[in-house]
Asker: 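Let me give you the structure first, and then I'll get to my questions.
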Amino acid sequence: MLTQAPKGTKDVTPRQSAHWHAVEGVMRRVCDLAGYREIRTPAFEHTELFMRGVGETTDVVQKEMYTFEDKGGRSITLKPEGTAGAVRAYLEHGMANDPQPMKMYYMYSPVFRYEKPQSGRFREHHQFGLEVFGAKSATVDAEVIDVAMSVFRNLGITKLALTVNSIGCPECRKTYNQALKAFLEPLMPQMCPTCGTRYEKNPMRILDCKDPSCQALTKDAPTTFDRLCGDCAAHFADLEKLLRAMGIGYTIDKRLVRGLDYYTRTVFEIIGQFSTGPLTVCAGGRYDGLVEQLGGAPTPGVGFGMGMERLIMAMEQEGLLAQDQPLVDVFVASMGATNEAFQIARELRAAGVRTDCDHAARSLKAQFKYAGKTGAAIVLVLGEDELREGTVTMRDMRASSEKRVPRSDIAATVRAAL
RNA sequence: GUGGGUAUAGUUCAGUUGGUUAGAGCGCCAGAUUGUGGCUCUGGAAGUCGUGGGUUCGAAUCCCACUACUCACCCCA
């Protein structure tokens with residue numbers, strides 16, 4: 001119990017962290033190329049922010065938040081998604097006064113949801129994400145999708161499918177909800193209880209029901225997509241044009257409805273193929289009403305969240321994770337003269353050479369074994385003879401050759417040999 | 001929240017119809033004569049058999065409960 005990580009959490013061990021660094025490096029590069037800067041927001045926020053931002057009727061808010069009262073009597077919630085915090089920061093720091101659009105990304109941002117864990121689903125996971133504020137053009141929708149696809153492409157992930165849809169704006173939603181409710185009314189007695197409550201609170205989400213009988217009943221239900229207002233339809237047509245121009249393949253899923261209330265117009269998902277089945281790796285969309293809803297001036301927004309754990313899972317399944325790299329390039333072995341060996345290691349490090357030395361007073365043989373495991377290409381041996389003549393023996397592990405090197409020449413000789 | 005599966009060493013797993021001091025591979029540590037890795041050989045350390053109860057002369061093994069892990073549903077990255 002004590003030596004077991006809490007349910008639904010995972011350690012990234014020293015062996016695995018290199019994979020994360022590789023992924024993070026690609027993310028930073030892709031974002032930097034497109035003019036996005038990193039934002040870091042707290043792991044927790046006032047509960048109210050998520051209630052109003054994410055939406056009180058969502059499953060995330062209703063049953064999955066880690067909410068607690070702090071010692072000052074404030075209701076605090078560990079963030080269950082990334083966008084609300086970014087919007088809060090945008091407003092708090094008056095970023096609306098900076099040149100617009102304001103483009104930002106976040107990385108390795110922990111996200112907490114109290115769910116029952118299973119393959120690819122955790123109670124704490126990490127998201128990479130983008131948020132763009134202050135631009136309503138479909139080029140931003142396209143850019144955000146392009147950045148996500150670039151991350152996948154640069155990492156070599158191929159088993160992906162992009163699905164897009166438009167769920168319209170509050171204008172189209174009004175007429176749509178009427179049409180949908182009219183269609184559903186006679187069917188409601190046959191539908192599942194969850195859909196019953198959805199009917200009252202957010203009828204659009206009935207289309208998202210996974211119950212086979214509900215799906216059959218709503219097969220011919222009107223979709224938001226077919227009832228878009230002129231502006232929304234034009235916006236989506238623009239996006240399609242851009243996607244085609246970029247050569248990004250996609251399918252339209254008119255029933256794609258996301259689980260967070262703030263989305264408007266464009267919504268999309270990028271779904272990966274895993275041995276256990278398909279899993280959403282990246283999802284997002286436009287949220288033109290969110291900033292205003294949280295107390296700001298009307299400001300359009302677009303963004304997405306990408307699950308880092310799922311991304312790395314996808315890489316693992318496609319055999320894209322790099323082999324273990326050498327821990328150091330040089331190992332300084334010694335026989336008794338451990339302090340001197342440590343000094344030599346320090347000097348090499350100062351010269352920019354990745355170096356380790358013996359810390360266990362082990363036999364020379366054991367030190368060589370250990371050096372082999374670290375992947376060191378060069379082992380320096382400091383024994384009695386070398387101490388006496390002020391040299392070290394430099395052994396090239398790859399060529400199994402060795403030579404004596406004066407102490408003063410170590411750094412230069414080692415660097416030339418690597 | 002609902003349902004299925006599993007629980008033995010750091011790890012992956014054996015463990016016969018209940019029977020004495022619970023095993024293996026990998027990993028770890030140490031040796032195989034004089035100051036040298038990878039291969040090989042030898043040895044060693046390491047397990048409250050998930051926890052608690054019950055059945056029995058005897059339980060890792062059978063029964064019950066709990067817990068954890070895992071997979072699926074709901075939902076989601």
Side-chain angles (χ1 to χ4, degrees), chain A residues 1-10 13 15 54 57-65 79-83 106 108-129 148 192-195 198 205 208-212 214 257-260 268-272 274-284 303-314 331 333-337 358 360 362-387 392-402:
Chain A
M1 189 69 183
L2 188 64
T3 55
Q4 192 166 52
K7 197 183 189 73
T9 64
K10 281 263 188 296
T13 63
R15 291 185 85 92
V54 177
T57 65
T58 61
D59 278 22
V60 168
V61 168
Q62 280 186 345
K63 47 185 207 190
E64 294 183 350
M65 294 207 302
K79 62 180 168 191
E81 58 91 55
T83 302
Y106 49 85
Y108 198 72
S109 167
V111 169
F112 305 89
R113 288 182 204 160
Y114 192 83
E115 316 190 72
K116 212 159 168 184
Q118 63 190 63
S119 179
R121 205 177 63 188
F122 311 96
R123 286 188 172 175
E124 180 196 40
H125 74 277
H126 298 83
Q127 289 191 5
F128 159 69
C192 75
T194 318
C195 283
R198 283 176 180 148
R205 303 214 47 234
D208 205 26
C209 187
K210 301 296 187 295
D211 187 300
C214 289
V257 174
R258 311 247 48 258
L260 310 179
F268 69 91
E269 286 188 355
I270 300 171
I271 296 161
F274 295 85
S275 58
T276 49
L279 223 44
T280 302
V281 178
C282 176
F304 69 71
M306 189 183 288
M308 306 268 293
E309 281 83 356
R310 288 185 181 180
L311 182 71
I312 289 170
M313 266 172 71
F331 185 87
S334 61
M335 299 165 74
D358 177 57
R362 285 191 277 204
S363 70
L364 189 63
K365 188 188 186 97
Q367 292 182 54
F368 264 92
K369 247 184 197 172
Y370 179 80
K373 280 171 202 157
T374 64
I378 289 172
V379 174
L380 300 179
V381 183
L382 190 60
E384 284 176 27
D385 299 346
E386 290 87 346
L387 270 179
V392 293
T393 294
M394 178 173 120
R395 179 176 179 84
D396 189 313
M397 300 288 273
R398 301 158 298 188
S400 296
S401 63
E402 42 184 78

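Worth knowing before you read on, the calculation uses all heavy atoms, side chains too, and leaves out hydrogens, waters and symmetry mates.
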Asker: For RNA chain B, report each stem as range with range, ordered by first number, or say none. Use Watson-Crick or G-U wobble pairs under 3.5 Å, at least 3 in a row.
Answerer: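 RNA chain B forms these stems: B:1-7 with B:67-73, B:10-13 with B:23-26, B:28-32 with B:40-44, B:50-54 with B:62-66.
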
Asker: Determine whether any donor atom in the side chain of A:S363 lies under 3.5 Å from an acceptor atom in the base of B:G35, or the reverse, and answer yes or no.
Answerer: no

Asker: Excluding sequence neighbours, so at least two apart, what forms salt bridge (Lys or Arg N to Asp or Glu O under 4.0 Å) with A:E384?
Answerer: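 For A:E384 there are no salt bridge (Lys or Arg N to Asp or Glu O under 4.0 Å) partners, ignoring immediate neighbours.
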
Asker: So, OP1 or OP2 of B:A72: does either fall under 4.0 Å of a side-chain N or O from A:Q118?
Answerer: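 Looking at the OP1 and OP2 atoms of B:A72, one of them is under 4.0 Å from a side-chain N or O of A:Q118.
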
Asker: By nearest nucleotide on RNA chain B, pick out whichever of A:S119 and A:M306 is the more 5' one.
Answerer: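 That would be A:S119.
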
Asker: Tell whether A:E386 reaches the base of B:G35 with its side chain through a donor-acceptor pair below 3.5 angstrom.
Answerer: yes

Asker: Check whether any side-chain N or O of A:R123 sits under 3.5 Å from a backbone N or O of A:K116 as a donor-acceptor pair, and report yes or no.
Answerer: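 No, the answer is negative, given that no donor and acceptor are paired below the 3.5 Å cut-off.
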
Asker: Using the C1' atom on both, measure B:A22 against B:G15 and round to a whole Å.
Answerer: 8 Å

Asker: Taking the same atom, P, in B:U48 and in B:U42, what whole-Å distance lies between them?
Answerer: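 Here B:U48 and B:U42 have their P atoms 28 Å from each other.
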
Asker: Can you tell me how far C1' in B:G52 sits from the matching atom in B:G5, rounded to whole Å?
Answerer: 22 Å

Asker: Looking at B:U36, does its base get a donor-acceptor pair with the side chain of A:Q367 below 3.5 Å?
Answerer: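 Side chain to base: no pair present.
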
Asker: Whole Å only: how far is the NZ atom of A:K369 from the C1' atom of B:C39?
Answerer: 11 Å

